[in-house]
Each structure stands twice: as structure tokens, then as C-alpha cells.
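Below: the structure, in C-alpha cells.
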Amino acid sequence: MHASMAVILFLMNWLGAALAPLSAPVEVQDVAAFYTYGENVTFQARVTPADEITQAFLMIQPEGQSTRIEELTWNSAGEILYPYDTALHPLRPFGRTYYWFRLVTPTGEITTPSYWFDYIDNRFTWQSLSNDYFEVHWQTGDLSFGQTVLNTAQSALEAVQKILPVAPKLPLKIYVYADANDLQAALPDESESWVAGHASPDLGVVLVSIPSGPDQSLELERQLPHELMHIMEYTLVGDQYGNTPVWLTEGIASIAELYPNADYARVLDTAMGKNELLSFQNLCSAFPRDASSAFLAYAQSTSFVRYIYQTFGSTGLSNLMREYQIGMGCEEGVQASLGKSITGLENDWRQASFSISPIDQAFKTLSPYLLIALLVVAAPLLVVLARPRHLEKPL
Ligand SMILES: [Zn+2]
């Protein structure tokens, strides 16, 4: 083909393309999400040209939760502002939320790339410090307090790994509140009012509340190992975490605390004396919600799990957790792993911990009236037994 002919053909093609009613490509810009913690999130975007869109959807996928689809409206400039009510559909505290847009046009559908934001409690400003293992964020206190948190977390991690030798996904995020009430307000509504610390093990997030004062270090050394242990437990059992007995998860977390709660022994002795110990079968799926029963449940679970740990060791405890990881029930897991029923194990624990047998305990707690009633029933029997033998019928 002659060169000038080729140029003419090219120009004709170009002119034809320029004159055709070609639709402009749809663009999504100014994407952002703003939130007020615990209240709402506003998702923002601008879609141009606006008249190319027939329908628009926002897809929201908070970490560890299912995806929500919300239908959107937009103005003539293509501006989208979508208010999302977090009181109605709570987001996981300190979790990452992914979101993207799906736009319907006459020629097809467009899905934008995924965007994300971390749902941080922005009622407060946080100071931060990190290393390979931890990201520490604290609310009040100076840099040396942050370093103390980081150091305590480091030694707590080593301590908890001696009990359950597992490697969690790093780095772990630690948020230190100054006030337990602020921490409780940061959690979804179902949290109990006596909660001081919290872990979202699947997110690798730990929240603790450490008021300033002389007990600060002690509280750190108590709360951090406890909450970090919940993350170890999750690393071991994964999705079965929610089906693992609560007496076991809380018991293991509590034996990891560097300073045992001094009130546990007193509460246990009192409950034992009154025969008011809780049955571990009733502590499989949840602890009582009222503070004093919950305290007893913690005290018992700590003592029971410490007994299991001292008797069967770290391997025994890990093997027991693994039974739940494969989906065993609360009682079956104990039987399969430790070769005893949960009631049998509970009796062993009582004997080892209180130096009193279940029979002794039953007699000790019989009411005086019941004793009298027993004597009344037993008296004729004693008379029968005391009869002279010669009155018996000869064989
Ligand atoms: Zn706990």
C-alpha cells in the first residue's frame, strides 16, 4: 500500500472514532470512610459521569464478619455519601474493615478495587511504640510507660508460650486504656460491666485497662499475660475457639497471670465450705454473668486448670486443647485426652485442692435435721441387728 493511502485511511478511521457517540469511561474518585467510634461510619465516593450509572452498591466486609451489601443513591454530580449505623451493625473494635463499590452501567458492571480502614477508638488520641512482636498504643502516660508496656508484653509472651508453646501471627496489637469504663464502652453491648481486659484473638488485638497509680506494673503483669494467652489459645484451636470450654480458656489465661489473684483462694474455700462450688459441666459454654458468681467461676477454673497443668503438664494441656480444635464436645474432650470423665477429674481436683473427699464433704454439709431423720430411720435397723442370734430360724 502506498504510504499516502495509509495516512488517509488512518485519518478516516480517526475521524470516524471521534465523531461516534462514545461513552466516557466511568471513574470513581475521592473514596474515603470517616467514622465516629461506636456511632457511625460515612462512606464517600464521587462517580463520573453520574448519568452513566443506573445502580450503585457498597460492599462492606469487616474483618471476621460477613459481607454486607448496601444500595446507594447519588446526586447529579455523582457524589455518594452513605451513613452506616455502627450501633445497629457494630464493627469489631480495632478490626480492619474492607469496602468496595459495585456500579451498574448500561454496558456492564464495574467493581472498584478494595479499600480499607482500621476501626480504632477515636474518642481518644493514642501514642504508639512498636517492635517486631507488638504494636503498643496507650492513652495516657509518657514514653517510658509505653516502653514498660512493650517490655511487659515481651516477657508475658515468653511466659505464656511456656504453658502453650504456639507461635501467634505477629505483630500483636495492644491498646492500653486508662479507665475500665472507657474500655467497656469501646466494646459491643453484651460485655459485662466488670470486664477489665479484652482480647479479639482472631484479630490479634488485646485491650487492657491500666489506671495510673502504684499498682500499674502489677496490673500490666496480670492483664497482659491473660489476654495474650487468649491469643495463644486461638492460634491453637482456630475457628473452634468459641466451642472450646470456657472453664478451660479462662483457666489457662488465668494461670498465665504473673501475680495470682489473692482473693481466689478465699472465695474457693468459702464456696467449698458451703458446698456451693459450681459444676464444671455448667461452665462449658459460658460463665455466669453476675459479678460474684463469675468471680467464683474464674477462681475455680484457675485452680482446676492449674491442677490439670501440674498433673499432665504443658503437653497434656495442649493435647486437651487439640481435642476441641477437632470439634470434640466439652466432656468428650476431657475423656478422650485425659482418660477421665470431667466429674472424675473434678473429684480428683477437689481431693488434691481441699484435702477432703466428696463423701466427707457430703456428710459435712448434711443439715442437722437430715441427720436426725437418718437416725430415726436407722434406729429400728439397729434394733434388728442387735437381736440375739438364737432367735434366727435354723437352716
Ligand atoms: Zn479471659
Side-chain angles (χ1 to χ4, degrees), residues 163-164 190 192 194-195 201 226 229-230 233-234 236-257 260-261 263-366:
I163 300 173
L164 280 188
E190 65 265 23
E192 289 83 355
W194 40 263
V195 164
H226 182 111
M229 185 57 104
H230 283 314
E233 293 165 348
Y234 178 82
L236 202 55
V237 298
D239 290 346
Q240 291 297 318
Y241 186 76
N243 298 330
T244 307
V246 179
W247 60 259
L248 182 60
T249 53
E250 289 306 334
I252 299 179
S254 299
I255 64 167
E257 294 175 13
N261 191 318
D263 290 330
Y264 280 177
R266 180 184 53 78
V267 165
L268 275 182
D269 283 341
T270 308
M272 181 67 182
K274 292 185 183 169
N275 199 27
E276 285 175 353
L277 285 177
L278 307 163
S279 156
F280 284 103
Q281 280 156 310
N282 294 335
L283 300 176
C284 287
S285 55
F287 274 7
R289 291 193 70 125
D290 72 282
S292 73
S293 304
F295 194 79
L296 176 60
Y298 273 100
Q300 262 189 247
S301 301
T302 310
S303 175
F304 190 44
V305 170
R306 184 171 286 119
Y307 169 75
I308 296 172
Y309 180 52
Q310 285 166 350
T311 311
F312 301 93
S314 171
T315 313
L317 213 49
S318 303
N319 288 344
L320 178 57
M321 288 292 281
R322 286 200 182 90
E323 297 296 340
Y324 300 111
Q325 188 236 329
I326 58 166
M328 282 274 190
C330 181
E331 292 173 48
E332 291 83 358
V334 172
Q335 184 71 51
S337 169
L338 307 176
K340 273 175 188 287
S341 70
I342 194 165
T343 319
L345 194 65
E346 191 174 328
N347 286 338
D348 293 351
W349 162 71
R350 285 189 187 216
Q351 265 180 318
S353 308
F354 301 97
S355 32
I356 186 167
S357 76
I359 297 163
D360 290 345
Q361 179 62 20
F363 271 101
K364 197 180 159 204
T365 52
L366 277 178

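Treat the numbers as computed from the prediction; the structure is a model and nothing was measured.
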Handout entry: Y241 and Y324 aromatic centres sub-6.0 Å
Key = no
Practice task
To the nearest 0.5 Å, tell me how far S293 OG sits from N282 CG.
Solution key: 11.5 Å
Problem - Taking every non-hydrogen atom, the tightest pair across G327 and Q240 - result: CA-OE1, 3.9 Å
Exercise for the section: Heavy atoms only: give me the nearest C330-I342 pair and the separation to one decimal. Expected result: SG-CD1, 4.4 Å
Practice task
Name all pairs fulfilling the side chain to side chain donor-acceptor pair (under 3.5 Å) condition that reach into residues 331-344, sequence neighbours left out, sorted by first residue then second.
Solution key: Q281-E331, K340-D348
Exercise for the section: Calculate, to the nearest 0.5 Å, the distance between atoms CE and CG belonging to M229 and L164 respectively. Expected result: 4.5 Å
Problem - Between CZ on residue R322 and CG on residue N319, distance to nearest 0.5 Å - result: 6.0 Å
Practice task
Could you tell me whether the side chain of L283 reaches within less than 4.5 Å of the side chain of E250, counting heavy atoms only?
Solution key: no
Problem - Residue from V334, T244, I252, T315 passing side-chain contact (heavy atoms from CB on, under 4.5 Å) with L320 - result: V334
For residues 302-314, please give each side-chain donor-acceptor pair under 3.5 Å, one per line with the distance, not counting sequence neighbours.
unit_1: T302; atom_1: OG1; unit_2: Y298; atom_2: O; d: 2.5
unit_1: S303; atom_1: OG; unit_2: W349; atom_2: NE1; d: 2.8
unit_1: T311; atom_1: OG1; unit_2: Y307; atom_2: O; d: 2.6
unit_1: S314; atom_1: OG; unit_2: I163; atom_2: O; d: 2.8

Exercise for the section: Show the numbers, then the answer: is there a side-chain contact (heavy atoms from CB on, under 4.5 Å) between L236 and Q325? Expected result: CA-CA 7 Å; L236 202 55; Q325 188 236 329; over 6 Å; no
Exercise for the section: Return the minimal non-hydrogen interatomic distance between F354 and L268, and the atom names on each side. Expected result: CE2-O, 3.9 Å
Exercise for the section: Any chance you could measure S301, atom OG, to Y264, atom OH, to the nearest 0.5 Å? Expected result: 9.0 Å
Exercise for the section: Working to the nearest 0.5 Å, report the span between CG of L296 and CG of L278. Expected result: 4.5 Å
Completion exercise
Here the gap from T249 atom OG1 to N243 atom CG, rounded to the nearest 0.5 Å, amounts to 11.0 Å
Exercise for the section: Please report the closest heavy-atom contact between F287 and A294, naming both atoms and the distance. Expected result: CD2-O, 4.5 Å
Handout entry: Distance-minimising heavy-atom pair for A253 and E233
Key = N-OE2, 3.7 Å
